[in-house]
Engineer: 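Before anything else, here's the structure in question.
In what follows, every heavy atom counts, from backbone to side chain, and hydrogens, waters and symmetry copies are set aside.
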Amino acid sequence: MKILHKNGETTVSDFHSSEGKKAFWHTSAHVLAQAVKRLYPDTKCAIGPATDNGFYYDFAFSFPFSEEHLQAVEEEMRRLARESLSLQVRTVSRREALSHMEREGEDFKLELIRELPEGEEITFYRQGDYTELCAGPHLSNTSPIKAVKLLSVAGAYWRGDEKNPMLTRIYGISFPSAADLEEYLHRLEEARARDHRRLGRELGLFALLEEGPGFPFLLPKGLILKNLLIDYWRRLHTREGYMEISTPMIMNRRLWETSGHWEHYRDKMYTTVIDEADYAIRPMNCPGGMLVYNLQPRSYRDLPMRMGELGLVHRNEPSGTLHGLMRVRCLTQDDAHIFMTQQQVQGEIQGVMRLIDQVYARFGFPYEIELSTRPEDSIGSDEEWELATKALTDAVNGMGKTFVVNVGDGAFYGPKLDFHLKDSIGRTWQCGTIQLDFQLPQRFNIEYTGADGEKHRPVMIHRVVFGSIERFMGILIEHYAGKFPLWLSPVQVKILPVSDKYMDYAKEVSQSLQNRGLRTETDRRDEKLGYKIREAQMDKVPCMVIVGEKEMANRTVSVRWRDAPEERRDLGEMPLEQLMEILEQTGYEIP
């Protein structure tokens with residue numbers, strides 16, 4: 001399909017490429033706006049971008065728009081696509097753009113144009129009777145849009161500010177074929193069944209309460225899951241030569257000015273005043289690591305120095321973006337910062353890549369790598385950025401890995417490698433990252449004494465593997481649909497006594513398993529065995545142990561195994577030692 005750019009040039013791109021998807025869904029958003037304007041001409045249009053999974057458009061309707069209206073809009077979109085409307089792009093002056101939007105009565109577009117600097121190139125895309133202020137790119141024609149589905153309606157404040165008007169946001173998806181749409185809707189249904197917010201509530205893992213929006217409450221089983229991930233993380237990092245540190249959650253403004261966060265990240269930071277001085281709750285762990293490095297003189301013999309920190313950070317995320325454990329306002333980052341010489345850079349990057357590869361393989365995640373380059377809001381010289389970007393590129397190539405480039409999406413202090421893992425139903429999640437930083441070592445004036453006796457500036461890597469442990473938990477809940485592998489299950493064995501008469505034997509079995517390091521739970525309720533089994537199945541416990549008269553007399557247990565085929569889930573009666581052999585072979589301890 002042909003892609004039309006704002007300079008009037010066209011290129012050919014496949015829908016499955018990132019550029020192709022963006023243009024396809026961006027054009028679909030314009031078709032949505034055109035359909036709405038045809039059906040409801042007095043509607044005001046705001047913005048309509050492509051997203052990672054489709055598109056949306058924000059409108060100000062003159063009536064209460066609801067999901068009941070989606071069908072009519074969707075049908076109109078299909079008609080517009082069938083009309084095979086060609087898109088044209090033209091560049092206009094700021095004055096001409098303002099004049100056009102004033103005639104159309106598009107107040108939101110006027111606001112956007114007025115904020116553009118004088119001399120800014122302004123482009124309009126036109127398809128049939130609809131013209132849109134936009135930088136593109138777009139399809140050159142609407143005809144490739146063969147299948148459309150409008151998914152939902154939500155409220156959204158104009159520009160994400162609760163002081164601004166509340167708009168109506170319509171979410172949609174589109175594809176080049178009906179088969180693609182059908183497959184997507186099937187995945188969407190599967191994703192709903194795996195929704196970590198519902199499963200987290202049903203499995204007793206975490207709670208989302210109105211007293212703390214964006215601040216999840218981890219319940220006992222959820223905290224077990226988190227601690228298992230942390231214990232696994234610690235085991236790997238001890239093996240890899242990392243030292244673990246813990247730095248303060250609140251530090252003064254001067255520190256954040258030095259790091260650059262006060263200037264570049266201020267709108268996402270929570271601040272407070274202590275002793276009449278400004279302080280900030282940390283949104284990142286790295287400045288604390290810099291202070292630890294600077295506590296004593298360092299030699300080239302100390303490098304590479306790998307410091308890990310499981311730090312709780314807080315970020316002021318807009319309320320409309322909060323989503324279960326996936327987007328929160330407080331999160332535990334499995335941070336690490338590596339200080340090294342320039343000669344050690346490639347080896348250290350590749351060491352982190354191998355660690356990430358091992359962790360994702362443990363959970364069954366394939367992944368892709370994305371190289372994000374210098375953003376507009378950045379610090380440092382062109383030479384430093386080129387050097388850092390080349391180092392990341394060479395390291396990935398040296399590992400025989402492939403990557404795609406995400407232009408302009410690096411951190412403000414350096415380029416980065418992002419690791420996008422793919423879950424069991426094909427969705428991708430950005431988790432791990434490796435950021436190469438020449439800037440913070442300069443800002444904090446950190447040094448080491450080289451073999452030549454002179455002072456040198458180390459290079460720094462910022463890296464995470466899980467990313468946010470809470471978010472990684474959410475991904476795992478959906479990836480496994482709540483059926484965690486044995487080693488990761490908060491409850492590994494659930495003991496089901498047939499009646500109260502066998503409770504003492506159930507306690508004995510439970511204690512014996514706990515003495516071997518297993519996590520057990522006993523159903524003490526006065527319920528029938530069939531009910532207890534169904535409840536244990538709903539709790540997705542890997543192993544059920546049933547004890548009754550026969551088992552107590554024979555000093556045995558009857559076992560049901562969750563992950564066996566339906567016809568083989570009942571493993572039958574066996575001695576406890578035989579059950580232990582099965583549990584050991586499956587792997588019940590942290591790997």
Side-chain angles (χ1 to χ4, degrees), residues 1-10 22-50 54-63 65 68-114 116 121-150 153 158 167-176:
M1 57 192 185
K2 291 183 178 179
I3 309 297
L4 177 63
H5 300 269
K6 67 180 181 180
N7 60 5
E9 294 181 356
T10 59
K22 182 178 179 181
F24 196 96
W25 287 336
H26 201 170
T27 305
S28 299
H30 282 207
V31 173
L32 168 58
Q34 185 177 11
V36 166
K37 291 293 281 187
R38 277 194 180 182
L39 294 173
Y40 315 108
D42 57 349
T43 301
K44 308 291 185 186
C45 295
I47 58 171
F55 57 91
Y56 71 79
Y57 210 109
D58 291 344
F59 301 98
F61 288 96
S62 60
F63 62 94
F65 189 93
E68 296 175 358
H69 298 92
L70 289 183
Q71 185 62 39
V73 178
E74 195 176 286
E75 290 174 0
E76 186 63 31
M77 288 182 69
R78 293 193 190 100
R79 278 194 288 271
L80 287 166
R82 288 195 298 269
E83 287 180 19
S84 189
L85 302 173
S86 295
L87 277 79
Q88 295 91 36
V89 60
R90 65 189 183 103
T91 302
V92 301
S93 66
R94 188 169 183 272
R95 184 169 61 84
E96 188 177 352
L98 288 170
S99 176
H100 174 81
M101 288 304 174
E102 283 172 356
R103 289 195 305 272
E104 296 293 323
E106 295 288 2
D107 300 334
F108 301 108
K109 305 290 188 186
L110 283 168
E111 181 178 326
L112 294 174
I113 295 170
R114 289 182 180 124
L116 295 174
E121 185 179 80
I122 300 174
T123 54
F124 281 82
Y125 280 79
R126 181 178 178 179
Q127 56 196 47
D129 57 2
Y130 180 74
T131 302
E132 173 74 279
L133 168 73
C134 189
H138 285 280
L139 301 179
S140 62
N141 193 286
T142 62
S143 59
I145 304 172
K146 302 295 186 184
V148 175
K149 181 68 177 176
L150 297 182
V153 177
W158 167 234
L167 304 178
T168 299
R169 176 169 294 178
I170 301 177
Y171 288 95
I173 190 73
S174 59
F175 289 98

Engineer: Could you check if a side-chain atom of L87 sits within less than 4.5 angstrom of a side-chain atom of N141, using non-hydrogen atoms only?
Structural biologist: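 Contact flag for L87/N141 side chains = no.
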Engineer: What distance separates Q34 CD from T27 OG1, expressed to the nearest 0.5 Å?
Structural biologist: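 Nearest 0.5 Å value for the CD-OG1 distance: 11.5 Å.
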Engineer: Which pairs of donor and acceptor atoms, one on a side chain in residues 41-49, lie under 3.5 Å apart (sequence neighbours left out)?
Structural biologist:
from	atom 1	to	atom 2	distance (Å)
D42	OD2	S62	OG	2.9
T43	OG1	Y40	O	2.9
K44	NZ	G105	O	2.7

Engineer: Within the distance-only criterion (no hydrogens, no angle test), does the side chain of E74 pair as donor or acceptor with the backbone N or O of L150 below 3.5 angstrom?
Structural biologist: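 Here the side-chain-to-backbone pair exists.
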Engineer: If every non-hydrogen atom of M1 is compared with every non-hydrogen atom of P144, which pair is closest and at what distance?
Structural biologist: CB-CG, 4.5 Å
Engineer: Kindly check if the number of other-residue, nucleotide or ligand heavy atoms within 6.0 Å of CD (E68) is above 12?
Structural biologist: no
Engineer: Working to the nearest 0.5 Å, report the span between CD of E96 and CD1 of I113.
Structural biologist: 10.5 Å
Engineer: Who are the salt bridge (Lys or Arg N to Asp or Glu O under 4.0 Å) partners of R126, not counting sequence neighbours?
Structural biologist: none
Engineer: Which heavy atom in V92 sits nearest to a heavy atom in A97, and how many Å separate them?
Structural biologist: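 Looking at all heavy atoms of both residues, the closest pair is CG2-CB, 3.9 Å.
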Engineer: Taking all non-hydrogen atoms of both residues into account, name the closest pair between V148 and S174 and its distance.
Structural biologist: CG2-CB, 4.1 Å
Engineer: Can you confirm whether or not the ring centre of Y125 sits under 6.0 Å from the ring centre of H26?
Structural biologist: no
Engineer: Shortest non-hydrogen contact from A50 to K22?
Structural biologist: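 Closest approach of A50 to K22, heavy atoms only: CB-O, 3.6 Å.
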Engineer: Working to the nearest 0.5 angstrom, can you tell me the gap between L167 CG and F65 CZ?
Structural biologist: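 With rounding to 0.5 Å, CG (L167) is 13.5 Å from CZ (F65).
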Engineer: How close do F124 and L133 get, counting heavy atoms only, and between which atoms?
Structural biologist: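 Closest approach of F124 to L133, heavy atoms only: CD2-N, 3.7 Å.
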Engineer: Can the ring centres of Y57 and F55 be said to be less than 6.0 Å apart?
Structural biologist: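 No; F55 has its ring centre 6.0 Å or more from that of Y57.
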Engineer: Would you compute the distance between atom OG of S28 and atom NE2 of H138 and round it to the nearest 0.5 angstrom?
Structural biologist: 10.0 Å
Engineer: Between atom CZ of R94 and atom CD1 of I122, what is the distance when rounded to the nearest 0.5 Å?
Structural biologist: 7.0 Å
Engineer: How far does NE2 of H30 sit from CD1 of I145, to the nearest 0.5 angstrom?
Structural biologist: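 It comes to 10.5 Å.
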Engineer: Could you go through the side chain to side chain donor-acceptor pair (under 3.5 Å) check for R95 and S99 one step at a time?
Structural biologist: CA-CA 6 Å; R95 184 169 61 84; S99 176; over 6 Å; no
Engineer: Quick one: does I3's side chain get under 4.5 Å of F24's, heavy atoms only?
Structural biologist: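 I3 does not reach F24 side chain to side chain.
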Engineer: Looking only at non-hydrogen atoms, find the nearest pair between L80 and T142 and report the distance.
Structural biologist: O-OG1, 3.4 Å
Engineer: Which one of E132, E106, E104 satisfies the salt bridge (charged side-chain N to carboxylate O under 4.0 Å, His left out) criterion with K37?
Structural biologist: E106
Engineer: When you check the gap from the basic side-chain N to the acidic O, do R114 and E111 get nearer than 4.0 Å?
Structural biologist: no
